[in-house]
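Take a look at the structure below.
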Amino acid sequence: MDVLNGFSLKGKVALVTGGSYGIGFAIACGLADAGAKIAFNDINQELVNKGLDSYKEKGIDVRGYVCDVTKEPEVTELISAIERDLGPVDILVNNAGIIKRVPMTEMEVEDFRKVIDVDLTAPFIMAKAVIPAMIKKGSGKIINICSMMSELGRETVSAYAAAKGGLKMLTRNIASEYGQYNIQCNGIGPGYIATPQTAPLREKQSDGSAHPFDKFIISKTPAARWGNAEDLIGPAVFLSSSASDFVNGHILYVDGGILAYIGKQP
Ligand code: NAP
Ligand code: GCO
């Protein structure tokens with residue numbers, strides 16, 4: 001028996017949303033390394049071009065598309081274009097996401113709705129668009145990028161926590177509804193990962209000292225460090241491959257141990 005073969009993605013088509021940089025980019029590179037043909041989208045041409053350059057630098061052949069994941073007609077067009085260019089999507093990674101850090105009582109309802117739209121409604125739109133072809137093919141993998149905020153709350157991230165908590169349940173529901181068609185839908189819950197999204201939480205203070213949130217996260221993480229986007233590659237390859245064919249509706253937290261730990265006593 002060739003165990004490693006079970007992790008191979010040879011012949012598979014993977015779509016990573018918001019894949020021009022950060023976590024999506026790292027995951028897409030990992031899936032490519034495991035043999036998948038990669039498609040990614042981002043919200044504008046500038047970001048897609050930036051992504052195309054970065055993949056090229058790594059020697060990875062990809063297709064990049066402009067598509068706003070919150071707009072169903074654009075998503076329908078994206079999926080048709082990928083089917084035409086590469087074939088039906090075997091692996092969907094719902095990675096595109098936004099955060100707005102505002103105290104809840106000061107947050108405009110429109111901003112709350114925007115976060116829910118990108119972080120929760122869009123994964124629904126994307127999954128809805130790929131599931132029919134997966135049913136036809138008799139297999140499919142959907143990975144939703146969840147968060148620590150799928151489990152925990154904190155000041156200023158009410159919309160994000162509501163969306164990522166909802167995304168955890170959307171994951172379980174897709175698994176429940178479409179598991180019978182050999183479709184696995186799982187989540188990855190990254191811990192605190194050093195990307196542009198979290199850069200404001202790591203900015204140095206004017207006196208050159210570390211940001212208090214930076215120190216807080218390191219003290220809350222048994223691994224005593226921020227994660228790198230590359231820390232998510234192994235879990236993403238596993239959940240994309242036949243090695244995980246009986247894993248469904250699961251959220252795999254990749255957090256250096258944060259959720260297991262009560263924190264240091266003061
Ligand atoms: P990021 O750096 O902000 O990347 C997200 C990507 O999605 C960006 O390219 C972004 O474009 C794109 N995007 C936003 N709205 C979109 C839309 N409507 N349509 C298409 N693309 C859109 O974030 P990241 O840190 O790599 O995070 C990626 C995912 O992991 C997100 O879902 C995030 O919530 C999640 N996550 C991050 C962390 C962390 O610590 N970094 C931890 C847990 C979970 P713009 O640049 O224009 O926004
Ligand atoms: C925040 C952060 C987080 C992380 C991540 C944790 O402000 O607390 O941005 O929410 O990005 O999602 O898993």
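Values reported hereafter were calculated over all heavy atoms of this structure, with side chains retained and with hydrogens, waters and symmetry mates removed. For ligands, and for the atoms within them, numbers begin at 1 and follow the listed sequence.
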Study note, to complete from the structure: Separation between CG (Leu78) and CG (Leu15), nearest 0.5 Å, reads 5.5 Å
Check your understanding: Which one holds for Thr198 and ligand 2: side chain close, backbone close, both close, or neither close, with close meaning a heavy atom under 4.0 Å?
Key -> side chain
Study note, to complete from the structure: A student checking ligand 2 against Ile99 at a 4.0 Å heavy-atom cut-off should list atoms 1 (C), 2 (C), 7 (O), 9 (O), 10 (O)
Check your understanding: What are the two closest heavy atoms between Ile258 and Pro222, and how far apart are they?
Key -> N-CD, 3.7 Å
**Study point:** Any side-chain heavy-atom pair of Val247 and His250 under 4.5 Å
**Key:** yes
Any protein N/O atoms within less than 3.5 Å of an N/O atom in ligand 1? List the atom names and distances, or say none.
from: ligand 1; atom 1: 9 (O); to: Asp42; atom 2: OD1; distance (Å): 3.3
from: ligand 1; atom 1: 9 (O); to: Asp42; atom 2: OD2; distance (Å): 2.8
from: ligand 1; atom 1: 11 (O); to: Asp42; atom 2: OD1; distance (Å): 3.2
from: ligand 1; atom 1: 18 (N); to: Asp68; atom 2: OD1; distance (Å): 2.9
from: ligand 1; atom 1: 19 (N); to: Val69; atom 2: N; distance (Å): 3.1
from: ligand 1; atom 1: 25 (O); to: Thr195; atom 2: OG1; distance (Å): 2.5
from: ligand 1; atom 1: 26 (O); to: Ile23; atom 2: N; distance (Å): 2.9
from: ligand 1; atom 1: 32 (O); to: Asn95; atom 2: O; distance (Å): 2.7
from: ligand 1; atom 1: 32 (O); to: Lys164; atom 2: NZ; distance (Å): 3.0
from: ligand 1; atom 1: 34 (O); to: Tyr160; atom 2: OH; distance (Å): 2.6
from: ligand 1; atom 1: 34 (O); to: Lys164; atom 2: NZ; distance (Å): 3.2
from: ligand 1; atom 1: 34 (O); to: Gln197; atom 2: NE2; distance (Å): 3.4
from: ligand 1; atom 1: 40 (O); to: Ile193; atom 2: N; distance (Å): 2.8
from: ligand 1; atom 1: 40 (O); to: Ile193; atom 2: O; distance (Å): 3.3
from: ligand 1; atom 1: 41 (N); to: Ile193; atom 2: O; distance (Å): 3.3
from: ligand 1; atom 1: 41 (N); to: Thr195; atom 2: OG1; distance (Å): 3.1
from: ligand 1; atom 1: 46 (O); to: Tyr21; atom 2: OH; distance (Å): 2.7

Exercise for review: Using a strict 4.0 Å cut-off to heavy atoms of Met149, name the atoms of ligand 2 that fall inside it.
Suggested key: 10 (O)
Exercise for review: Any atoms of ligand 2 less than 4.0 Å from a non-hydrogen atom of Ser147? List them with their elements.
Suggested key: 5 (C), 6 (C), 12 (O), 13 (O)
Check your understanding: Under 3.5 Å, N or O to N or O, is Met148 touching ligand 2 that way?
Key -> yes
Check your understanding: Going by heavy atoms, is Leu201 under 4.0 Å from ligand 2?
Key -> yes
Check your understanding: Per the side chain to side chain donor-acceptor pair (under 3.5 Å) rule, which among Asp214, Thr221, Thr195, Thr198 passes with Trp226?
Key -> Asp214
Exercise for review: May I ask you to check whether Tyr160 has an N/O atom sitting below 3.5 Å from an N/O atom of ligand 2?
Suggested key: yes
Review point. Numbering the atoms of ligand 2 from 1, which are under 4.0 Å from a heavy atom of Arg101?
Key: 1 (C), 2 (C), 7 (O), 9 (O)
Review point. Tell me the side chain to side chain donor-acceptor pair (under 3.5 Å) pairs involving residues 235-246, sequence neighbours left out?
Key: Lys141-Ser244, Lys141-Asp245
Revision key, fill the gap. If you scan protein heavy atoms around atom 2 (C) of ligand 2, the nearest is Tyr192 CE2, 3.5 Å
Check your understanding: What residues, two or more places apart in sequence or in another chain, satisfy salt bridge (charged side-chain N to carboxylate O under 4.0 Å, His left out) together with Arg101?
Key -> none
**Study point:** Nearest protein heavy atom with distance in Å, relative to atom 11 (O) of ligand 2
**Key:** Gln197 OE1, 2.6 Å
Point to revise | Those residues that, when tested against Lys168, pass salt bridge (charged side-chain N to carboxylate O under 4.0 Å, His left out) (two or more places apart) | key: Glu151
Point to revise | Connected via hydrophobic side-chain network under 4.5 Å: Val16 and Ile233 | key: yes
Review point. Quick one: which ligand 2 atoms are inside 4.0 Å of a heavy atom on Arg154?
Key: 1 (C), 7 (O), 8 (O)
**Study point:** Gln184-Asn182 side chain donor-acceptor pair, cut-off 3.5 Å
**Key:** yes
Check your understanding: Where is the tightest heavy-atom contact between Asn228 and Ile193, given as atom of each residue plus distance?
Key -> C-CG2, 3.6 Å
Exercise for review: Could you tell me whether some N/O pair between Pro190 and ligand 2 is separated by less than 3.5 angstrom?
Suggested key: yes
Check your understanding: Does a salt bridge link Lys114 with Asp111, judged by any charged N lying under 4.0 Å from a carboxylate O?
Key -> no
Exercise for review: Using side chain to side chain donor-acceptor pair (under 3.5 Å) as the criterion, point out the one residue from Asn95, Thr171, Asp119, Asn186 that pairs with Asn144.
Suggested key: Thr171
Point to revise | Enumerated ligand 2 atoms positioned under 4.0 Å from heavy atoms of Gly191 | key: 6 (C), 13 (O)
